[in-house]
Structure formats: structure tokens, C-alpha cells
Amino acid sequence: MDFNAFFAQYGALLAQGTWDTIVMTVLSTLFAYVLGIPLGVLVTITADDGLWPHKACNRILGWIVNIGRSIPFIILLVAIIPFTRFVVGTSLGVPGAIVPLVVSAAPFVARMVEQSLREIDGSLIEAAQSMGASTWQIVWKVYLKESVPSLVRGASIVFITLFGYAAMAGTVGAGGLGDIAIRYGYQRYQTDVMIVTIIILIVLVQIVQSIGDVTARKLDKRNR
Amino acid sequence: MIKIEHLYKTYHADDPERRHEALKDINLTIDDGEVYGIIGESGAGKSTLVRNINLLERPTEGTIVIDGKDVTDYKGKQLLDLRKNIGMIFQHFSLFAQRTVLGNVMFPMEVQGKKKDEAEKRALELLDMVGLADRAENYPSQLSGGQQQRVAIARALANEPTIMLCDEATSALDTMTTKQILKLLHRVNKELGVTIVLITHSMTVAEAICDRVAVIENGSIVEEGPTKEVFANPQSHMARALLGLEDVDEDGRPVGELDEFDAEMSREFAAPHAASAAEGKAE
Ligand SMILES: Nc1ncnc2c1ncn2[C@@H]1O[C@H](COP(=O)(O)OP(=O)(O)OP(=O)(O)O)[C@@H](O)[C@H]1O
Ligand SMILES: [Mg+2]
């Protein structure tokens with residue numbers, strides 16, 4: 001294989017595809033957290049043994065999260081096309097992919113957040129209560145603050161998952177690396193394009209995971 | 001003054017299978033400026049009793065009166081203000097791992113909306129008082145257990161409480177460190193005039209620091225009085241058992257003569273209390 005010729009032909013395409021995939025993933029991770037954090041916090045504190053027990057609220061949120069979690073992404077992607085069009089005006093391209101990515105990731109993020117918060121020792125919550133902290137202050141200054149390293153670790157998992165989803169979205173008009181892999185690698189039998197796409201995906205995932213691990217470790221003050 | 005009247009606490013009151021009467025008709029008066037000990041076996045209800053004082057747990061029945069005010073039904077702002085006045089320390093310190101020592105001591109002031117520079121100034125004074133001013137920028141994981149408990153004491157004092165609750169505050173510490181912490185609590189009591197309610201299952205600790213003690217067994221107070229009197233002349237079986245003078249079964253009934261093993265165990269566990277308690281007081 002002639003690398004120079006390959007990159008002359010496909011370099012710009014792959015660069016654009018990589019960039020689109022990254023933009024899709026970053027933006028949808030961000031929006032998924034904007035929705036998922038409040039959802040995860042509410043699920044945690046409204047539990048029976050939570051800070052603000054509320055059975056009905058907890059059940060309903062639990063259902064929403066579970067429904068969201070049980071629909072495979074590729075189905076959700078096409079099923080909510082009308083909704084996607086309503087929100088961003090199109091079901092194609094990067095904006096068209098972000099909506100289903102966020103819808104499918106928010107419940108996932110909620111569960112990740114819930115899991116991180118549940119790791120916080122109950123006696124810390126009590127200590128904060130005994131100091132006269134309000135529910136809101138405890139959420140903010142104890143639950144979220146104390147679970148930062150765990151949240152960061154969760155975020156790298158979410159990011160990598162969404163990365164895979166973004167590639168899937170590429171197959172139905174979202175562009176990005178998934179689109180390139182299907183159009184060139186699969187439909188036109190260009191194995192070299194397929195391989196390079198896969199390598200780019202692998203490298204990006206490794207980078208994100210490493211950044212996530214290092215950041216979480218740096219942030220965690222429990223390590224001496 | 002803390003006045004507890006006819007306090008009952010029943011967990012899972014409406015579920016016959018899990019229903020558990022943790023406290024039964026507790027009546028107690030704790031005077032201002034005293035160190036009040038609550039002693040008893042594991043599961044006796046000591047923590048439950050103390051947690052009813054700052055309403056971490058709600059009484060099923062009965063009233064809690066603090067400084068003449070019935071606080072039993074306090075909610076919202078009133079409740080938060082009440083808790084500001086009652087510091088609390090725990091067996092496992094319960095420091096915030098992701099905050100520095102200084103950040104931990106500032107926390108209660110932060111939640112009360114105190115200005116940051118004032119809070120920092122006061123936090124540093126408190127850390128100085130507990131002898132850890134030089135560790136302000138460390139994280140709890142970098143401190144020993146005893147140091148962590150001193151930080152917790154500084155934190156509990158941040159909002160100038162008049163009452164401090166200590167739930168097994170020395171149970172996770174060795175003898176020397178326990179002495180240091182007791183000495184610090186003694187200072188807090190004498191110099192700052194803070195009323196201390198102290199839970200312990202250690203007779204040594206109780207004898208060293210408490211003015212009065214209540215012995216609690218299966219959710220009821222079985223004996224109460226000045227520490228010296230209770231220790232010199234224990235009336236209840238439970239108090240005698242805790243002092244290693246006799247054995248009781250699960251329901252607190254005496255099982256008669258100690259057999260040789262039990263007698264040996266009792267000597268082993270109870271013997272040091274007199275000697276080390278005297279030391280603790282002397283400090
Ligand atoms: N939240 C709860 N729900 C149900 N039962 C509880 C709860 N908290 C405590 N109990 C029960 O109430 C009883 C008293 O518990 P408590 O924690 O007050 O005991 P304790 O005297 O502090 O014991 P220890 O010395 O082991 O800390 C125990 O039988 C315990 O199982
Ligand atoms: Mg206890």
C-alpha cells in the first residue's frame with residue numbers, strides 16, 4: 001500500500017470524519033450529563049433510604065431511566081427521527097445525530113451518576129446533616145464534590161460508549177467515521193479505508209481512557 | 001440543658017416482622033457544661049438515643065427539649081439552626097476526603113453562609129487549638145486516625161456549638177491516642193463550656209471523662225447517676241456486667257457465678273480501667 005497516495009486521496013475525508021465524530025461525541029456527552037446528573041441525583045436522593053425519600057418520584061424516574069436504557073441505540077435512532085427533526089430541524093449530519101445520542105445516553109449517565117453517588121459513605125451525609133447543611137447543599141457540596149473522581153471515571157466510559165454510538169449513527173446519515181467505514185470500507189470493498197478507520201477509533205478510545213484515568217487519579221485526594 | 005422526656009423510638013413501626021423498639025421511655029436531663037456518658041452494650045440503643053438529640057432520627061413518641069425549647073418537631077430553617085448549635089463527631093471521623101483539613105473545618109461555616117475569609121480565619125484558629133495548624137493544607141488521607149479525629153473536633157466546634165455529641169469517638173483509636181482525644185474533649189468542655197454527650201462502650205473512657213453516666217440496656221435506661229457512684233456501687237446487672245463484676249445473658253439477667261473463663265475475661269477487660277482512668281483524669 002502506498003501511504004502517500006492513500007493519504008492524498010483519503011486524508012481530508014478521514015480528518016473530516018474524525019473531527020465530526022469527535023464533535024458529535026463531545027457535544028452529546030456534555031448534553032447527556034446536563035440531563036443525566038440531575039436525573040441521577042434525583043434517583044439517588046428520592047430512594048427510600050435517601051436524603052429526600054419520595055416513592056412516587058423515585059418510581060417514575062426509575063421507569064424513565066430503565067425504558068431509556070432498554071431501547072437499543074440503533075432502534076432509538078430511527079424511532080425518534082420525528083422528535084429529532086422537531087428539535088434540530090434535521091435528522092441528518094452532526095446535529096441530527098446529537099439528539100438521539102443524548103436521548104440514549106442521558107439515562108445511562110443517570111445510572112452512572114447514581115452509582116457514583118451511592119459509593120459515598122452514609123456517615124458523610126450524616127456528618128453534613130449534623131452541621132446543618134440543607135438537602136441542596138449536601139447534594140452539591142458532599143455528594144457531587146466527594147464523588148468527582150468516580151464521576152470522571154464514569155464520564156470516560158460514557159464518552160467511549162457514545163463514541164461507538166456515534167459511529168453507528170454514521171450509518172444512517174450522521175457522517176463521521178462510521179459513515180466512512182460503511183460507504184468506503186463496506187460498500188466499495190476498500191479494506192484499507194476500513195482498517196484506517198478502525199485504527200483511528202482504537203487510538204481515540206485509548207487516548208480518552210488514559211486521559212480519564214489520569215485525571216481521576218489526579219483529582220482523587222484519597223491517594224496520598 | 002437537654003431534657004429528654006418519655007422518648008420512644010420504634011423502627012419499622014408498621015411492619016410487624018421488622019418492628020424494633022430501639023428506645024423505650026427514655027427520660028434524661030443533661031445539664032449545661034457537664035460531660036454526660038451513655039454506656040451500654042452494642043445494639044443497646046446508644047446511637048439512636050444521641051441521634052434523636054440533633055434529630056438525625058425522629059422520636060416515635062416523646063419530646064426533646066433543648067434550652068427550654070421543645071425542638072421535637074423542628075423542620076426546615078429551625079432544624080438547620082438547631083443543628084448549627086450541636087456539633088457531632090463520629091467513630092470513623094467522617095471527614096470529607098476530597099477536601100483539605102482546612103476545607104473540612106470550614107465546611108460548617110460555609111453551609112451557614114459565613115464569609116470565606118472569616119471562616120478561614122476561624123478554621124485556622126481551631127486547627128491551632130487542636131494542634132494541627134501546620135496540616136491545614138493536607139488531605140484527611142494524609143493524617144493518622146487521632147489527627148483525623150482532632151480535625152473532626154475542630155470541625156464540630158466551627159459554629160461555636162453549646163453541645164457536642166460524640167458517638168464512639170475514640171473506639172477506633174489506640175490507648176495513647178484515646179487519651180489525647182479525651183484530653184482535648186476535656187479542654188473543649190472546660191475552656192469552651194461545651195456540654196458533651198459521649199457514647200462509649202469503654203468503662204475506662206467513661207470513668208476518665210464523664211461527670212454522670214446513664215447505663216442503657218435493650219433500649220431502656222437501667223441506671224443513671226454520677227460516674228463515681230455508679231462505678232463504686234453499681235446497682236443494675238448491666239452496669240455490673242459492663243464493669244466485669246458479673247455476667248448477664250442476652251436479656252441482661254444475671255447468669256449467676258462467673259465460670260473461670262468468664263472471670264478471667266472480665267479481669268482482662270475490666271482491670272485496666274481503674275488505673276488508666278486515673279491517668280486520664282490526671283492529665
Ligand atoms: N435505621 C435503622 N433501622 C432499623 N433498625 C435500626 C436502625 N438503626 C438502628 N437500629 C436498631 O436499633 C438498635 C439500636 O441501635 P443503635 O445503633 O442505637 O445501637 P448502639 O447502642 O449504638 O450499638 P453500637 O454500640 O453497636 O453502636 C439495634 O438493634 C439496631 O439494629
Ligand atoms: Mg452506635
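Each chain gets a letter, A, B and so on, in the order its sequence line appears, and its residues count up from 1.
- Only the side chain of B:F90 comes within less than 4.5 Å of a heavy atom in chain A; its backbone stays farther off.
- Along residues 116-143 of chain A, the residues that come nearer than 4.5 angstrom to chain B, judged on non-hydrogen atoms, are A:S123, A:L124, A:E126, A:A127, A:A128, A:Q129, A:S130, A:M131, A:G132, A:A133, A:S134, A:Q137, A:K141, A:V142 in order of number.
- Residue with the most contacts toward chain A among B:N85, B:N159, B:D81, B:L95: B:L95 (heavy-atom pairs, distance under 4.5 Å).
- Contacts between B:L165 and chain A at a heavy-atom distance below 4.5 Å are absent for every atom of the residue.
- By number of non-hydrogen pairs under 4.5 angstrom with chain A, the leading residue of B:H92, B:K84, B:R99 is B:R99.
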With a cut-off of 3.5 Å and sequence neighbours excluded, list every side-chain donor-acceptor pair involving residues 160-180 of chain A.
from: A:T161; atom 1: OG1; to: A:I157; atom 2: O; distance (Å): 2.8
from: A:T171; atom 1: OG1; to: A:M168; atom 2: O; distance (Å): 2.5
from: A:D179; atom 1: OD1; to: A:R183; atom 2: NE; distance (Å): 3.1
from: A:D179; atom 1: OD2; to: A:R183; atom 2: NE; distance (Å): 3.4
from: A:D179; atom 1: OD2; to: A:R183; atom 2: NH2; distance (Å): 2.8

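- Residue-environment remark: CZ (A:F83) stays at or below the threshold of 12 foreign heavy atoms within 6.0 Å.
- Applying a 4.5 Å heavy-atom cutoff, none of the residues of residues 116-128 of chain B approach chain A.
- You'll find the side chain of B:Q98 stays beyond 4.5 Å of the side chain of A:L219, heavy atoms only.
- For residues 51-78 of chain B, the interface with chain A (any heavy-atom pair closer than 4.5 Å) comprises B:R51, B:N54, B:L56, sorted by residue number.
- Under the 3.5 Å distance criterion, the side-chain polar atoms of A:E146 are matched with a main-chain donor or acceptor of B:A97.
- Annotation: B:E5, atom CD; neighbour count of heavy atoms from other residues, nucleotides and ligands within 6.0 Å is above 12.
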